[in-house]
Each structure stands twice: as structure tokens, then as C-alpha cells.
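Step one of this worksheet: look at the structure below.
Side chains included, hydrogens not; waters and symmetry mates left out as well; all remaining heavy atoms used.
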Amino acid sequence: MASAQFVSNIGSWMQTVGAQELMLTLTTSATLVALIQTAAGLPVVLLSVPAGAIGDLVDRRRLLIASQSFMLISALLLAGLAFAGLVTPLILLALIFAVGIGQTLTSPVWQTLQPELVAPEDRTHAISLGAVNMNLSRAIGPALGGALYAASSAAVLFLVNALSFVPVIGAVARWRGRPRPASAVAREHVVEAIRAGARYVAGSPALRVILLRAGLFMFFGNSLWALLPIVANTRLHLGSGGYGLLLGGVGIGAVAGAAGLPRLRERVTTGALMTSGTLVFAAVTLGLAYVRVSALAGLVLVIGGVAWILVLSTLTSQYQSTLPGWAKARGMSYFLVIFQGGAAVGSAAFGAIAQNAGLTEALLAAALGLALVALTGIWLPFKAISPHDLLPAGDWPAPHLVDASATGGPVQVTVEYRPRPGLERDLVDALYAGRHARRRTGAISWRVWRDAANPDRVLEQFVVGSWDEHLRQHERVSIRDQQRLDQIKAMTDPSQPTIVTHWLAPQLDLNAPTTPPSHPSA
């Protein structure tokens, strides 16, 4: 299945090369050429979040087959129109956008397959391999596309991309995944799943740091690939064959980077790998702003391929490793939104800069931005979280409910603590540190209170959208969350047990007749 994915990813990038080269024959506008990247990435921004939620709820096998089939049809249509000479800039952008829709439906779901294909102890390595797979194809695909375009035409590249979806459809059709973990709670609706994913990402400082750094890197870094066709055409005066050789340099660098990545991970921290890779890519972008010799440009791009694969593999594997199983697809969708959204917006922005200020100025601005992005690692370092710590704790008892008819929500949960003498401040601080865990698992609001008359009485209060959502909250408590709760429990007075109370919003009958209050006779 990994091989089929690799082939399909290469086909997609070959299509991008064909689209860029075809656009150069249809228009001289740098903005329209850069919009190829935007058209491919914009569906991710618009549809990735609902696609991720759907991926956590429906039969993943059927969804993957449907999305791959949609891409196959769209790519075949683009190839047919290209062979007939009927492609216009608008048609080209529209069909690239259509293929992007299918890719958007596929990408978040594909990430959920990682735990099912390998043993739990190999999960981190499998995630890294998947990241290398995706980003290696990003480097090799354009190189192969450039070479094939030199020997044929854009229509052939579009046809090859269409055929590349066939192995994926075949592999998914044969795949029989394990059933989803059983749950006593009814399945979420799509809107509820979207909200749950958003709450988890918003409640995880570790994920937010990765998202911010990924978005900034892609905004500035992807400008190099968006402007490279113009560099090859106007600066180096290369045809499609020369452009393919430049991309071949990127592919060589990416292969070298992927080969050395496991050893680097053993010797260099994730933060250092990200920072150094970003600085090297900034230097590559700066070099291409001034290089006028094709051979030197190719050498620079080899180095760029190494840096690119190191940075993107680091970001992807770090993010996936920080997601729990229940939020894998929907959580990954937010990464794809930021990742592709940053690329799409950056391509359009630097295309416009190149159009109005000049190619050199656009690349200089991108290089400066990348250098600043590298420095963000000083203030926003990655936080390492073991995948084992994200597994469900699994031993939370279900709360008692007397009236099953009053479960519409919202539900307020209060937890009354009596701290050990001298640990009052420590307990409050520990509760504040754990507020993110409550929000990640389902709380829409959270607060801690101290009794004005008895400061030794501490009350934690949070609200969940419904009773079912609160039951899911119990299932989503991770080992890491449980360890924090155990630390809080150790700060409480064992002679005064903690009291947990669930408050249900009363269901009022607004249509019931009202009885006026009676007044005593005078």
C-alpha cells in the first residue's frame, strides 16, 4: 500500500509540472503560473476539516475508493482536453482544483492507516516513513515530470497521473482493516466531530506550535517551487528538458536526505533538525536569486532537496506523533489546512511580488522570511510527547445517570477538592496546568474556584456540550492525562474524598400553560 501511495504521489507532482509548463505556453503571467500551486492547495483549505471528520466516522475503505476514483476521472478529463488542444488557463486551474478535492478527501484518512499497518512499537518509525514517502515523491515527481515533458507533452503527464490512481484503488480494495474500537456511545455527527477535532487542536499547545511553524515555513518555502519554472525559463534560459534536470537535482537531494534521516534523528534533536534545515533552505532560496549558471543552480537545488525533505518530514512526523488515535484524521486535517494553505497563499503572494517587483526581489523576500522562521524555534520549541502517553487510559468508570431523558445538554461537571494542608496553592496550579486536557477531550468552558468562606475548598468546573459528549470525554482520557489527574489526587486530603457532581440543564416545556400565582385573600 505504501508503494501504491508513492506512485500516486509521484503522478500528482508530475501533473503539477505538466500544468506549470502548459500554463507557460498559454500565458506569460507569473501570477497565473504561480496559481497552479494555489489551485492544487486551495481545496485543502476549504474542505480538509470536514474531510478529516468524515474520515474518523465512515468506512475509510469506501471513502478512499470513492475519492481516488473521482481524481482518476478528473485527471482523465484534463488529459483528454489537453490532447485535443482545448485547455485554457481557466479550464486548467478548474481541473487542477477538482483533482485537489479528491486529494483532500484522501489525505486525512490515509494517516489513520498507520497504526493498523505496523506494530505499536514501530508506530513512530512508520509515521516518519510515511512523511518521507509523501515528501520524497514531492521532490522526485517533478523531476520525472520534467524529463517526461521534454520527451512528450503535458497531456501525457496528465494521463500518467490518471493511471497512477489505479494501483491505489486496487490496494485499498484488497485491504481489510481492523474494526474501529468498540464504544458504548453513539457515533458522532460530522459537525460534532469537527468541533471535537478543533477543541483538541486548540487545547494542545504542542500541536499549535507545530502548526504555526509549518504554516510559516510553507508560506515562504513553497515560493521557491512556485517560481522555479520562471527561474528556469527567464533567468537560466532553459527549456523543459533543462527544467527537468533542475528538478532532478531536487530529487537527488531528497533521496540523500531521506537516506540519512534515520541516522540524523538518532544524533540530532528534532528542534535542531528543523532549524538547520530551514536555514539551509533559506540559503538555497537566496542563492537562486542570483545564480545565472545552470550547473550551479542544479547543485544548489540538490542541497535544497536535502533541506526540504528534512524539514517537511520532521514537521509531519512530529505532528502525527502528537495526535491520539481517536482524533487522527480530523487532527491531521488541520495540519493539511495550514500546510497546504500556507503553500497556496505563499505561492500566490510571491507570484504577485515577482510580477510587480521582480523575480530577484521575490526570492530575496522569501529567503529573509525563511531565516526568520528558523529563529522561531528559539521561542517556540517542539514538545516531545510519547505516542504511548496518548493511548486511552481505559479505566474510567461511566458516570451514573438516573433520568435518561434529560441528556440533551449542556452538562456541567463540578469536582470539589480538599487539598492537603500546605498544598492549596500547588493544587490550584496543577488544576490550571490540566485545563488543556479537559478542553482537548470535550470541555467547551473551564474554570477553577475557591470558597470565599473556606479557602481550603477548591472547585473545578467545566461544561460539556451533551451527555454523550461527556461519555466520549471519559473514553478520550489518555495515559498522560490520567497521570496528571493522579498527581492532583495525591495533593488532596485522603480523609475528605473528592466529590464529582454532574449537572444537567433542565428541559423546559415552553408550550405548557402557565398558572398565575395565587394571592392570599385580604
Without swapping roles, check the side chain of Ser333 against the backbone of Arg330 for a donor-acceptor pair under 3.5 Å. yes
Is it true that Ser317 and Arg265 share a donor-acceptor pair across their side chains at a distance under 3.5 Å? yes
Backbone N/O of Val231 and side chain of Thr234: donor-acceptor pair under 3.5 Å: no
With a 4.5 Å cut-off on side-chain heavy atoms, are Tyr200 and Leu207 touching? yes
Might you point out which heavy atoms bring Val311 and Gly277 nearest each other, and give the distance in Å? CG2-C, 3.4 Å
Over 60° means perpendicular and under 30° means parallel, so classify the ring planes of Trp308 and Phe281, tilted if in between. tilted
For the pair Asn161 (side chain) and Gln15 (backbone), establish whether a donor and an acceptor sit closer than 3.5 Å, ignoring hydrogens and angles. no
Show your working on side-chain contact (heavy atoms from CB on, under 4.5 Å) between Thr275 and Arg213 and close with a plain yes or no. CA-CA 10 Å; Thr275 300; Arg213 295 181 66 177; 4.0 Å; yes
Leu93 and Phe97, any side-chain heavy atoms less than 4.5 Å apart: no
Can Leu92 and Met23 be said to form a side-chain contact (heavy atoms from CB on, under 4.5 Å), step by step? CA-CA 8 Å; Leu92 180 59; Met23 186 66 83; 3.8 Å; yes
Under a 3.5 Å distance rule, please check whether Arg208 uses its side chain to pair with a backbone N or O of Ala202 as donor and acceptor. yes
Side-chain (Ser321) to main-chain (Gln318) donor-acceptor, under 3.5 angstrom: no
Centre of Tyr290's six-membered ring, under 6.0 Å away, within 45 degrees of the axis: is that where NZ or CZ of Arg235 sits? no
What is the minimum heavy-atom distance between Pro381 and Val209, and which atoms define it? O-CG1, 3.7 Å
Verify, without hydrogens or angle tests, whether Arg439 (side chain) and Gly203 (backbone) share a donor-acceptor contact under 3.5 angstrom. no
Look at the side chain of Ser204 and the backbone N and O of Val201, then say whether any donor-acceptor pair between them is shorter than 3.5 Å. no
Are any non-hydrogen side-chain atoms of Leu24 and Pro229 less than 4.5 angstrom apart? yes
Got a donor-acceptor contact below 3.5 angstrom from the Lys383 side chain to the Thr322 backbone? no
Hey, is the main chain of Thr314 close enough, under 3.5 Å, to the side chain of Tyr319 for a donor-acceptor pair? no
Is it true that the NZ or CZ of Arg476 lies under 6.0 Å from the centre of Trp326's six-membered ring and within 45 degrees of the ring axis? yes
Kindly give the heavy-atom pair with the smallest separation between Leu159 and Ala79, and that separation in Å. N-CB, 3.7 Å
Using the test ring-ring contact (aromatic ring centres under 6.0 Å, His included), find all partners of Tyr334 that sit at least two apart in sequence or belong to another chain. none
Heavy-atom closest pair, residues Val306 and Ala256: CG2-CB, 4.3 Å
A quick test of your reading: do over 12 heavy atoms of other residues, nucleotides or ligands sit less than 6.0 Å from CZ of Arg195? no
For the student: nearest non-hydrogen atoms of Phe350 and Ala366, plus distance: CE2-N, 3.5 Å
Verdict with reasoning, Arg199 to Glu469, per salt bridge (charged side-chain N to carboxylate O under 4.0 Å, His left out): CA-CA 12 Å; Arg199 280 195 299 268; Glu469 190 65 22; 2.9 Å; yes
Closest non-hydrogen contact found for Leu26 with Thr88 is CD1-C, 4.0 Å
Establish, from distance only, whether the side-chain atoms of Thr106 and Ser67 form a donor-acceptor pair under 3.5 Å. yes
Closer than 3.5 angstrom, by distance alone: can the side chain of Ser12 be matched with the main-chain N or O of Ser8 as a donor-acceptor pair? yes
Does Arg292 have more than 12 heavy atoms from other residues, nucleotides or ligands lying within 6.0 Å of its CZ? yes
Just to verify, what does Phe158 make a ring-ring contact (aromatic ring centres under 6.0 Å, His included) with, not counting sequence neighbours? none
